[in-house]
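To start, the structure under review is shown below, and the notes come after it.
These numbers come from a predicted model, not from an experiment. All values below come from the heavy atoms of this structure, side chains included, with hydrogens, waters and symmetry mates left out. Chain letters run A, B, ... following the sequence lines, proteins first, then strands; residues in each count from 1.
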Amino acid sequence: MRVILPDSTELELPDGATGLEAAAAIGPKLAEQAVLVRSNGEVKDLRQPLDDGERIQILTTRDTADPDALAVLRHSSAHLLAEAVRRLYPGVKIAIGPPIDNGFYYDFDFPEPIVEDDLERIEEEIRRELSEGRAWERQEVAREEARRRFAEEDESYKVELVEAAEEPISFYTQGDFTDLCRGPHLQDSRPIKALKLTGLAGAYWRGDEKNPQLTRIYGTAFYSQGDLDQYLERVEEAKRRDHRRLGPQLDLFHFSTHSPGSPLWHPNGTVIWNELEQLRSRENGKRGYQEVRTPIIYDSDTFWTSGHFPKYEDLMFKLDVRGQEFAMKSMNCPGHMLLFGSRPRSYKELPLRFSEAAPLHRDELPGTLHGLLRVRIVTQDDAHIFCTEEQIQDEIASCVAQARYLYELFGLEASAELSTRPGNKIGTDEQWDMTEAALEEAIRLNEIPYTISPGEGAFYGPKIDLFMDDALGRKWQMGTIQLDSQMPSRFGLTYVGADNTEHELYVVHRALYGSFERFIGILIEHYAGDFPYWLAPVQVRVLPVQDDHRATAGEIVGKLKDAGVRAEVDERDETVGKRIREAELEKIPYVIVFGDRESEDSLAIRARGGTQSTQSLDDFVAGLLPPP
RNA sequence: GCCGGGGUAGCUCAGCUGGCAGAGCAAGGCUCUUGUAAAGCCUAGGCCGCGGGUUCGAGUCCCGCCCCCGGCUCCA
């Protein structure tokens with residue numbers, strides 16, 4: 001048989017040859033450094049036979065940054081971790097141990113709980129394994145045999161996995177440790193040059209909180225110590241961008257234990273909020289949205305009608321109002337439904353787009369709160385578009401386009417997730433075909449990378465969720481665009497068509513920032529606090545050099561303010577160097593130093609970061625960019 | 001909510017096996033009249049997260065609670 005190499009040359013091999021044999025046929029050094037085979041985007045273990053005509057690429061220990069090469073290294077590292085834990089903690093049960101984005105983990109069921117300090121001795125044990133050296137053997141076994149072996153060892157989680165495992169079922173053995181595993185794995189442990197256990201956490205078996213909680217040990221591994229050092233440095237750098245650190249530091253907001261999960265916005269943070277609010281208002285205005293204001297609290301009947309109580313009751317704050325139960329809204333839909341239903345509606349009014357940025361209160365579980373990214377007061381840039389069936393496609397497309405425009409404005413990169421029909425859907429398959437296709441087309445048209453989550457849509461319609469990463473690479477849902485016919489019918493809403501009869505009404509729920517809180521959190525990390533000029537809380541600071549420059553500096557600030565610039569003077573009795581340093585730490589876009597050498601026709605402008613120029617006041621103001 | 005780690009001055013942190021609570025920066029005062037990332041001197045600042053317990057004595061040990069951090073679950 002023959003296989004095709006990356007440079008398109010063909011390699012003649014005996015039938016059934018493995019990746020390792022292919023590597024050996026090319027050169028002994030390649031065989032020594034090989035870690036896995038990639039063919040058509042899939043990865044294969046070196047010990048598995050190749051197919052005739054297969055296009056293959058052999059990855060080696062020198063492909064240190066290749067995601068597949070790293071994954072295999074980390075997967076093998078996870079097995080070393082399991083081996084170590086099994087030796088150190090008799091009676092432990094092992095669950096699963098996959099590679100993940102920045103490392104790997106393995107889940108265990110310990111007879112006695114372990115603590116963080118235990119990681120050190122486990123890591124030592126792994127180091128010992130590494131110095132002894134380990135090699136991986138692959139073995140394919142019958143399901144019954146696999147089940148028997150794990151049952152004998154009392155590895156109940158593995159028995160469960162065997163039931164669900166796809167054929168062929170394979171085992172990998174290193175040292176005296178054998179694990180059920182699809183592979184691929186390294187040939188031996190020599191390429192693992194750097195390994196570190198990074199954390200300890202609880203994790204539910206199979207991700208279901210009804211299942212027992214296991215102990216997850218996180219780690220990471222690299223082909224070189226330098227790569228590990230670099231990775232740790234990147235993590236440190238990311239921590240410096242953390243909005244929970246920068247927010248209070250830049251005097252944007254803080255959290256108080258008197259209202260957990262609800263930020264208190266300082267003047268600086270409020271400036272940013274208001275700029276975003278105005279942007280929202282301008283953009284919605286251009287697209288035919290109408291601003292509305294609806295109540296924060298409603299009686300319980302409303303939430304039974306809307307369907308929020310059956311599903312979200314335990315995350316809603318409830319109130320006793322003179323013996324009657326009320327609740328604070330966790331979404332704007334009910335108010336907008338009531339507003340729409342205040343009088344009969346004609347097809348001539350549709351589409352009708354109501355927008356409102358009202359605070360929503362959600363009683364999120366304490367353990368889930370996370371700075372601005374997960375809060376109990378959520379201010380969505382919400383809107384509900386009431387429309388006919390024929391208008392759905394255009395309205396969805398327009399929402400996605402607006403989201404894309406918005407994100408590009410900030411240089412943010414989003415990814416989308418399309419959630420399709422669930423098992424308990426209502427409506428016909430033809431309707432779902434139509435609406436799912438409409439949503440997918442809108443995403444594709446706007447060139448947003450996306451994945452499909454089959455069955456994750458609401459029972460009344462499919463949805464698009466838009467995600468972004470924080471500084472540490474964690475994904476957060478931002479915008480959401482959801483199609484719905486259920487809510488209007490729950491509130492008995494229809495419209496009168498040209499034929500003078502009532503018709504089924506559709507509504508598109510959409511938020512594009514997602515929430516102001518989360519969006520600002522992401523922006524802080526995205527810019528690392530260096531906001532673009534139009535968002536910067538203080539845009540220009542003027543520093544008089546000596547006392548007798550204060551008067552003129554004050555006049556310059558006055559003129560800047562008249563021109564709409566957020567300017568202030570820093571006339572504190574500190575050296576110029578100190579005041580510049582502080583302006584830099586506060587990340588103010590422009591500093592103007594004003595002394596004997598300057599005049600209004602010739603100002604010394606220092607841009608954030610240190611570049612200096614000389615400009616007249618008028619030229620400087622003319623060069624400032626207005627908000628988008 | 002669950003697993004693990006934390007909470008000491010406005011901020012960053014030290015405080016060994018229980019024995020008078022500390023540093024740097026920030027703040028306030030004074031001196032200096034200042035030129036593109038930190039002038040000098042002085043001063044003040046603490047319910048050691050909250051509540052209970054053990055002890056002659058608790059920041060330190062034990063129990064409960066709150067909040068924060070890393071995850072899980074959940075979610076904009």
N/O (side chain, Arg510(A)) to phosphate O (OP1/OP2, rA76(B)) under 4.0 Å:
no

Would you measure the distance from the [atom1] atom in [N] across to the matching atom in [M] and give it in whole Å?
N: rG57(B); M: rC61(B); atom1: C1'; value: 13 Å
N: rU17(B); M: rA76(B); atom1: P; value: 47 Å
N: rU8(B); M: rC3(B); atom1: P; value: 24 Å
N: rG7(B); M: rG28(B); atom1: P; value: 30 Å
N: rG59(B); M: rC16(B); atom1: C1'; value: 14 Å
N: rC63(B); M: rC11(B); atom1: C1'; value: 32 Å
N: rG22(B); M: rA14(B); atom1: C1'; value: 7 Å
N: rG64(B); M: rG71(B); atom1: P; value: 26 Å

Rounding to a whole Å, what distance do you find between [X]:[atom1] and [N]:[atom2]?
X: Glu417(A); N: rC74(B); atom1: CD; atom2: C1'; result: 14 Å
X: Arg240(A); N: rU12(B); atom1: CZ; atom2: C1'; result: 14 Å
X: Gln612(A); N: rG35(B); atom1: CD; atom2: P; result: 14 Å
X: Met331(A); N: rC75(B); atom1: CE; atom2: C1'; result: 9 Å
X: Asp465(A); N: rC75(B); atom1: CG; atom2: P; result: 10 Å
X: Ile580(A); N: rA39(B); atom1: CD1; atom2: P; result: 11 Å
X: Asp314(A); N: rC75(B); atom1: CG; atom2: C1'; result: 13 Å
X: His308(A); N: rA76(B); atom1: NE2; atom2: P; result: 10 Å

What does the B/S/- profile of nucleotides 26-31 of chain B look like, 5' to 3', with a 4.0 Å heavy-atom cutoff to protein?
S----B

Quick one, give me the B/S/- string for nucleotides 62-73 of chain B, reading 5' to 3', where B means a protein heavy atom under 4.0 Å from the base and S means that only happens at the primed atoms, P, OP1 or OP2.
-----S-SBBBB

Could you please name the partner base of [N], counting Watson-Crick and G-U wobble pairs only when both distances are under 3.5 Å?
N: rC72(B); result: rG1(B)
N: rC65(B); result: rG49(B)
N: rA39(B); result: rU31(B)

Would you sort out whether His308(A) and Ser306(A) count as a side-chain hydrogen bond (donor to acceptor under 3.5 Å, both in side chains), showing the intermediate values?
CA-CA 6 Å; His308(A) 285 102; Ser306(A) 71; 2.6 Å; yes

Touch check for [X], heavy atoms < 4.0 angstrom, all strands: base, sugar-phosphate only, or nothing?
X: Gln249(A); result: nothing
X: Ala583(A); result: nothing
X: Glu584(A); result: base
X: Glu598(A); result: base
X: Val378(A); result: base
X: Leu543(A); result: nothing
X: Val545(A); result: base
X: Gln546(A); result: base

Taking side chain as C-beta onward, heavy atoms only, is Glu517(A) less than 4.5 Å from Pro263(A)?
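When only atoms from C-beta onward are counted, Pro263(A) and Glu517(A) do touch, with a gap below 4.5 Å.
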
Picking from [options], which would you name as closest to the side chain of [X]?
X: Val115(A); options: rA37(B), rG4(B), rG35(B); result: rG4(B)
X: Arg581(A); options: rA37(B), rG4(B), rG35(B); result: rA37(B)
X: Thr575(A); options: rU34(B), rA76(B), rG35(B); result: rU34(B)

Should the ring pair Trp205(A) and Tyr157(A) be called parallel, tilted or perpendicular, given that the plane angle runs from 0 to 90° and is split at 30 and 60?
perpendicular

Using heavy atoms to find the nearest nucleotide of RNA chain B for Val591(A) and Leu214(A) separately, return the residue whose nucleotide is more 5′.
Leu214(A)

Using heavy atoms to find the nearest nucleotide of RNA chain B for Leu373(A) and Asp596(A) separately, return the residue whose nucleotide is more 5′.
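This one resolves to Asp596(A).
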
Does a side chain donor of either [X] or [Y] reach within less than 3.5 Å of an acceptor in the other side chain?
X: Ser156(A); Y: Lys93(A); result: yes
X: Ser616(A); Y: Asp601(A); result: no
X: Glu417(A); Y: Ser453(A); result: yes

Over 12 non-hydrogen atoms of neighbours within 6.0 angstrom of CZ in Arg572(A)
yes

Test salt bridge (Lys or Arg N to Asp or Glu O under 4.0 Å), reference Asp469(A), set Arg474(A), Arg241(A), Lys475(A), output is Lys475(A)

With His370(A) via ring-ring contact (aromatic ring centres under 6.0 Å, His included) - residues at least two apart
Trp476(A)

Could you please spell out the steps behind the side-chain contact (heavy atoms from CB on, under 4.5 Å) verdict for Asp363(A) and Arg376(A)?
CA-CA 6 Å; Asp363(A) 187 9; Arg376(A) 286 205 174 110; 3.5 Å; yes

Tell me if the aromatic rings of Phe410(A) and Phe519(A) count as close, with their centers under 6.0 Å from one another.
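For Phe410(A) and Phe519(A), the ring centres are under 6.0 Å apart.
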
For the rings on Tyr312(A) and Phe309(A), is their centre-to-centre separation under 6.0 Å?
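For Tyr312(A) and Phe309(A), the ring centres are not under 6.0 Å apart.
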
